[in-house]
Structures are given as C-alpha cells and as structure tokens.
Amino acid sequence: MRCHPHRGQAAGHVSATATALTTGKQQGPSGPGAAVGRRIGIGLMYSLWKPRVLGAWRVPATGPVILAVNHSHGLDGPMLMGTAPRPVHFLIKKEAFVGPLDPFLQGIGQLKVDRASVDRAAITDALGVLWRGDVLGIFPEGTRGEGDFASLRSGLAYFAVRGDAPIVPVAVLGTSGRRGRAVAALPPLRTRVDVVFGDAFYATDNASGSAPGQPGQAPRGRATRAALDAATVRIQARLSEHVADARRLTGHETDVRGGP
C-alpha cells in the first residue's frame, strides 16, 4: 500500500489537513456510517460463522487508534468490522469499489486507496480519521499473503507517527486454509474464526500519547525517513510476535494459506 507521501509532499498534506480542521470541516469518511457498518458486520459475521474474540478490551475505548490486521483472506476485513469493539474505517484497495459496492463501502465509512501511487486523498482522509479520535484499520502487508506480517509496507508507520496513535495488532485466524461447500471462496459456514487483539503500543519512543488534536493543532509526530524506518522495524517485530503468540494460543500454529 503506497499511501504515505514522500518527504517533500508530507508538509503539504499536513498543512491542508490542519487547515480543514481549523475551518471545522470534518476530515475522512463518515463516523456514523462506520457505526452502521459495524452493526451490519456483527449481524453477518455472527450469523454465518462463530467468531471467538480474545482481548478486545485491549483496544482503547476512546481516542485515535490503528488496528493492524494480518491478511490471508478476503473475509478478514469484514470479520474485524463485526468483532471490533469500536467502528473501524478501513483503507481498502480501490479495485473493491466496483458497481453497487462503491456507494455501499463509502456509505459505511470505508476509505478507497490507490495502491499503485501516492494517494493524497486517502492519506488526508486516513489522518483525518485519527485526528478526530476514531479507529483506522490497516492491512500493513498490503495484500493477502501468509498473514504472518513477514513483509510490511511503510504506510502503517507513517500514519502511526503522523497521527500520534497507538497500534493494536490483530490476528484473524481460521479464515484461510479451508473451503466451504456452499461457497468455495469462503470458510465453511458456522465454523470458528478467532480474532485476537494484542496490547497497544506506539511506533516511536517519543510519541505523546495525547488526545487527538483540537482544531488548528496537528499531532506532534514527525514523519522523517529515519523515524519511519525505525518505526517500521519496531512495528514488524511487535506484529510478528503477536500473530505467533495468537496462533499458539488458539491452536492455529499449523495454519497455512489455502484461501483465495
């Protein structure tokens, strides 16, 4: 996901977002829409599968937070929307916004991102979500894979540093490796899917951990190249450790990618 700006572009994005906050214009997607999306997710996920949610209390009850989710199946995002304790605004590839899904996904507060370029609109919207104290969902691996966080893109570090937001690692386990009879692309209906939330942490040692900025105030994090590189190393270590621990805890140690 190439959705963080180059160093020369960062100041422009921050200035534009801070200006919008000063004028009172809400940044990012609809908060009420995300709440509706969460209710839809709860209904669908708990009707079709049997989610087992562990550690949801680790998600801060208020303030900005980033949920960093492993990604091995297309069901991972909807599953988290239906099991997270707060409404989530996900960064989703623009290819998913086709036909009637386009207005639907935007209506429930999801963000469209162009992974092939530096998507300025997605950057501004995602920072707006954090700066107003809401929850941003990211698949830091950028695309579906083994779901072990072995390879990260730097977008997560950028948003964590610029948004001055804690990261909560999330492992979704049980969506891949099994094919259902009714729909082969999905896990078998009424089977268990584990969603494990880890301890919140900051990407840098000098994060303020303060409340989201007031109008006209930008978060304190500085997205220098050195800061982003160091943050990415820290993030990858914490996320990889969490998914390994979650697999041992839930008995998914032998999981391999088998889903679409």
Side-chain angles (χ1 to χ4, degrees), residues 1 3 29 34 37-38 41-42 44-45 49 51-60 64-93 96 105 108-113 115 122 126 129-130 134-160 163 165-177 186-187 193-201 203 231-232 234-247 249-250 252 255 257 259-260:
M1 177 181 64
C3 56
R38 178 172 179 264
I42 291 172
L44 288 176
M45 296 304 106
W49 291 278
R52 181 173 65 168
V53 182
L54 305 174
W57 56 270
R58 294 187 172 102
V59 178
V65 63
I66 298 172
L67 300 184
V69 192
N70 69 327
H71 198 23
S72 60
H73 195 282
L75 186 64
D76 298 334
M79 182 60 65
L80 188 61
M81 288 180 64
T83 56
R86 295 171 60 185
V88 183
H89 302 274
F90 264 105
L91 280 164
I92 301 175
K93 62 182 181 181
L105 289 173
I108 61 172
Q110 306 310 296
L111 296 89
K112 181 190 303 187
V113 60
R115 299 180 300 173
V129 166
L130 296 174
D134 288 340
V135 182
L136 180 67
I138 296 180
F139 296 113
E141 295 163 291
T143 187
R144 280 174 278 176
E146 297 295 336
D148 55 3
F149 294 120
S151 176
L152 299 190
R153 299 192 179 190
S154 55
L156 172 55
Y158 177 81
F159 290 124
I167 299 168
V168 172
V170 186
V172 180
L173 306 170
T175 54
S176 64
L186 295 173
V193 176
D194 291 315
V195 182
V196 186
F197 294 87
D199 292 322
F201 68 94
T232 298
R234 171 180 290 198
I235 290 168
Q236 184 167 11
R238 292 291 295 268
L239 298 187
S240 297
E241 180 182 11
H242 172 68
V243 77
D245 288 344
R247 282 176 171 166
L249 176 66
T250 59
H252 289 278
D255 275 8
R257 185 186 177 204

Mind checking side chain to side chain contact (heavy atoms under 4.5 Å, CB included) for Ala56 and listing every partner two or more places apart, or none if nothing turns up?
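With sequence neighbours excluded, Ala56 shows a side chain to side chain contact (heavy atoms under 4.5 Å, CB included) to Val53, Pro85, Phe197, given in chain and number order.
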
**Asked** In chain order, what residues pass the side chain to side chain contact (heavy atoms under 4.5 Å, CB included) check against Arg58, with sequence neighbours excluded?
**Response**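 Partners of Arg58 by the side chain to side chain contact (heavy atoms under 4.5 Å, CB included) criterion, ordered by chain and then number, come out as Asp199.
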
What's the separation between atom [atom1] in [X] and atom [atom2] in [Y], rounded to the nearest 0.5 Å?
{"X": "Leu91", "Y": "Phe159", "atom1": "CG", "atom2": "CZ", "answer": "5.5 Å"}
{"X": "Gln236", "Y": "Glu241", "atom1": "CD", "atom2": "CD", "answer": "12.5 Å"}
{"X": "Leu80", "Y": "Leu67", "atom1": "CG", "atom2": "CG", "answer": "5.5 Å"}
{"X": "Ile138", "Y": "Ile66", "atom1": "CD1", "atom2": "CD1", "answer": "5.0 Å"}
{"X": "Leu239", "Y": "Asn70", "atom1": "CG", "atom2": "CG", "answer": "9.5 Å"}

Inset, instruction - Mind checking salt bridge (charged side-chain N to carboxylate O under 4.0 Å, His left out) for Arg86 and listing every partner two or more places apart, or none if nothing turns up? - result: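 Once residues adjacent in sequence are excluded, Arg86 has no partner under the salt bridge (charged side-chain N to carboxylate O under 4.0 Å, His left out) criterion.
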
Student check: side-chain heavy atoms of [X] and [Y] closer than 4.5 Å:
{"X": "Pro140", "Y": "Ile235", "value": "no"}
{"X": "Met45", "Y": "Pro78", "value": "yes"}
{"X": "Thr250", "Y": "Leu54", "value": "yes"}
{"X": "Thr175", "Y": "Ser72", "value": "yes"}

Take Leu105 and Lys112, measure what side chain to side chain contact (heavy atoms under 4.5 Å, CB included) needs, and give me the verdict at the end.
CA-CA 9 Å; Leu105 289 173; Lys112 181 190 303 187; over 6 Å; no

Minimum-distance pair of heavy atoms, taken over all atoms of [X] and [Y]:
{"X": "Pro166", "Y": "Pro60", "value": "CG-CG, 4.4 Å"}
{"X": "His89", "Y": "Val129", "value": "CD2-CG1, 3.8 Å"}
{"X": "Ile167", "Y": "Ala203", "value": "CD1-CB, 4.3 Å"}
{"X": "Leu130", "Y": "Gly163", "value": "CD1-CA, 4.1 Å"}
{"X": "Ala157", "Y": "Thr232", "value": "CB-OG1, 3.4 Å"}
{"X": "Phe201", "Y": "Pro169", "value": "CE2-CD, 4.0 Å"}

Sidechain-backbone polar pair: [X] side chain, [Y] backbone, donor-acceptor under 3.5 Å:
{"X": "Arg38", "Y": "Ala84", "answer": "yes"}
{"X": "Trp49", "Y": "Met79", "answer": "no"}
{"X": "His73", "Y": "Val172", "answer": "no"}

Which of these passes side chain to side chain contact (heavy atoms under 4.5 Å, CB included) with Pro51: Asp194, Ile42, Thr83?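 Single side chain to side chain contact (heavy atoms under 4.5 Å, CB included) partner of Pro51 among Asp194, Ile42, Thr83: Thr83.
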
